[in-house]
Student: 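Just dropping this structure here.
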Amino acid sequence: MSPSANPVRLGVLGLGRAFTLMLPTFMADSRVKLVAAFDPRPDACAAFAQTFGGRVHESAEAMCADPDVEWVYVATPHQMHAEQVQLAARHGKHVLVEKPMALSLADCAKMIDVCEVAGTQLIVGHSHSFNAPVLLARQLIDSGAFGRVCMVHAMQYTDFLYRPRRPEELDTAQGGGVVFSQAAHQVDIVRLLAGGEVSSVRALTGRWDPTRPTEGAYSALLTFANGAFASATYNGYGFYDTDLLMDGVGEMGRPKSRDAHYQTRVRMKTVTDEAQEAAAKTERNFGGSLFTLAATEAPDACQHFGPVLVSCEHGDLRLTPRGVQVFDENGSRFVPAVVPAVPRAEVIDELWTVARESRVPLHGGRWSQATVEVCLALLESQRAGEDIMLKHQVALPRH
């Protein structure tokens, strides 16, 4: 039976920015079918019904109770994830929830427990650790050809803080700032490459613009139970752009203008208040007056999250938008990654193997709880000025 004959039937909670970014994937991958949705915005609901012919519900509970929904895609703001994952599980639905999994370890534990009691699966993503070059680097490491991983360096400079935001996205207590939204990507990548189990975190964070009162930058040193260590740096203040080090390929795997960050800052100068900024974000998303569908065809490069270097005992691996550059005693060679035919198809790859092949998810609940623990430790280390020891880490799952 072909995948298109038995697609995973998805119900969507939240038709905002996260859904907008996943939309090209859902529209181009025949392994999934959007059958239902709930969002408080009438325009988004009307657009969903017109585009997909799916049912639009009046509440999250009604959507989760829909008998035609097999998996629920939770794409709501961060602070809603815990409650809605539990709601879906109690209705017997499997869940794909956007990162970060939740804003506290207690909420992560509740989500895991409720899914286990209900016998439902839980996958956390999209995260850039799904990216083909990251998975390829992990395969190269697992081959044993380079010995154990000793060190990982990851760096990303973006305009994150100056993209249109709702007020809570600039409030750390509600999941705002780069730690919850962006470290969730970077930490997941670093953990996957270094083996998973972080022992301690030492970090500093930056709040450098009082008009954007949340963390806009961080730099962290992670030590791992297996002896490896990693540095992770992120700057979202919109000046330098590390895509210049990624062959001019943007995070989404497509060519990017060299002055994109400047353009973001110029646009922000026209915003006069919180309501105007929130409205600007809404209108750019699915169902909004300024919405435009991103390309659904395959890009010529993979998605990425900035420069990543992995130092092993017998060689170094440099992740690029098109594969992995290997440096070892035999010199340098390039190992190409397979560019997905559908944007973010790697997410559907994992969803499909769990839903249709009964595989254990790589980005499951306990794995993702451990990533949240590291993110929380970044903030705590800044406050305490000391190393934070971790307690809820897990090793990389083996398939």
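For clarity, every value in this text was computed on a predicted model and none was experimentally measured. These values consider heavy atoms only, across backbone and side chains, with no hydrogens, waters or symmetry-generated copies.
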Student: The test is ring pair (Phe, Tyr, Trp, His ring centres under 6.0 Å); show your working for Phe239 and His261 and say whether it passes.
Tutor: CA-CA 6 Å; Phe239 292 111; His261 287 187; 9.1 Å; no
Student: What residue among Phe160, Tyr157, Trp208 forms ring-ring contact (aromatic ring centres under 6.0 Å, His included) with Tyr237?
Tutor: Trp208
Student: Any luck finding a side-chain donor-acceptor pair between Gln182 and Tyr218 under 3.5 Å?
Tutor: no
Student: Which of these, Arg163, Arg212, Arg166, sits in a salt bridge (charged side-chain N to carboxylate O under 4.0 Å, His left out) with Glu277?
Tutor: Arg212
Student: Where do Thr158 and Tyr234 land on the side-chain hydrogen bond (donor to acceptor under 3.5 Å, both in side chains) test, with the steps shown first?
Tutor: CA-CA 8 Å; Thr158 77; Tyr234 189 96; 2.6 Å; yes
Student: Does the pair His314 and Phe146 meet the rule for a ring pair (Phe, Tyr, Trp, His ring centres under 6.0 Å), with working shown?
Tutor: CA-CA 5 Å; His314 307 304; Phe146 305 100; 8.6 Å; no
Student: Of all the heavy-atom pairs spanning Thr214 and Arg207, show the shortest one and how long it is.
Tutor: O-CG, 3.4 Å
Student: Are Asp300 and Arg322 within salt-bridge range, i.e. N to O under 4.0 Å?
Tutor: yes
Student: Got a salt bridge between Asp66 and Lys93, using NZ or NE/NH1/NH2 to carboxylate O under 4.0 Å?
Tutor: no
Student: Does the distance from a Lys or Arg side-chain N to an Asp or Glu carboxylate O, for Lys99 and Asp188, drop under 4.0 Å?
Tutor: no
Student: Between the side chains of Arg165 and Glu274, is the shortest nitrogen-to-carboxylate-oxygen separation below 4.0 Å, so that they form an ion pair?
Tutor: no
Student: If you compare all heavy atoms of Glu61 against all heavy atoms of His91, which two are closest, and at what distance to 0.1 Å?
Tutor: OE2-NE2, 3.1 Å
Student: What I want to check is whether the side chains of Thr120 and His94 have a donor and an acceptor closer together than 3.5 Å.
Tutor: no
Student: Is the shortest distance from a Lys or Arg side-chain nitrogen in Arg265 or Asp159 to a carboxylate oxygen in the other one below 4.0 Å?
Tutor: no
Student: For Trp352, is the NZ or CZ atom of Arg359 found under 6.0 angstrom from the centre of its six-membered ring and inside 45 degrees of the ring axis?
Tutor: no
Student: State, without any angle test, whether Asp387 and Ser200 hold a side-chain donor-acceptor pair at a distance under 3.5 Å.
Tutor: no
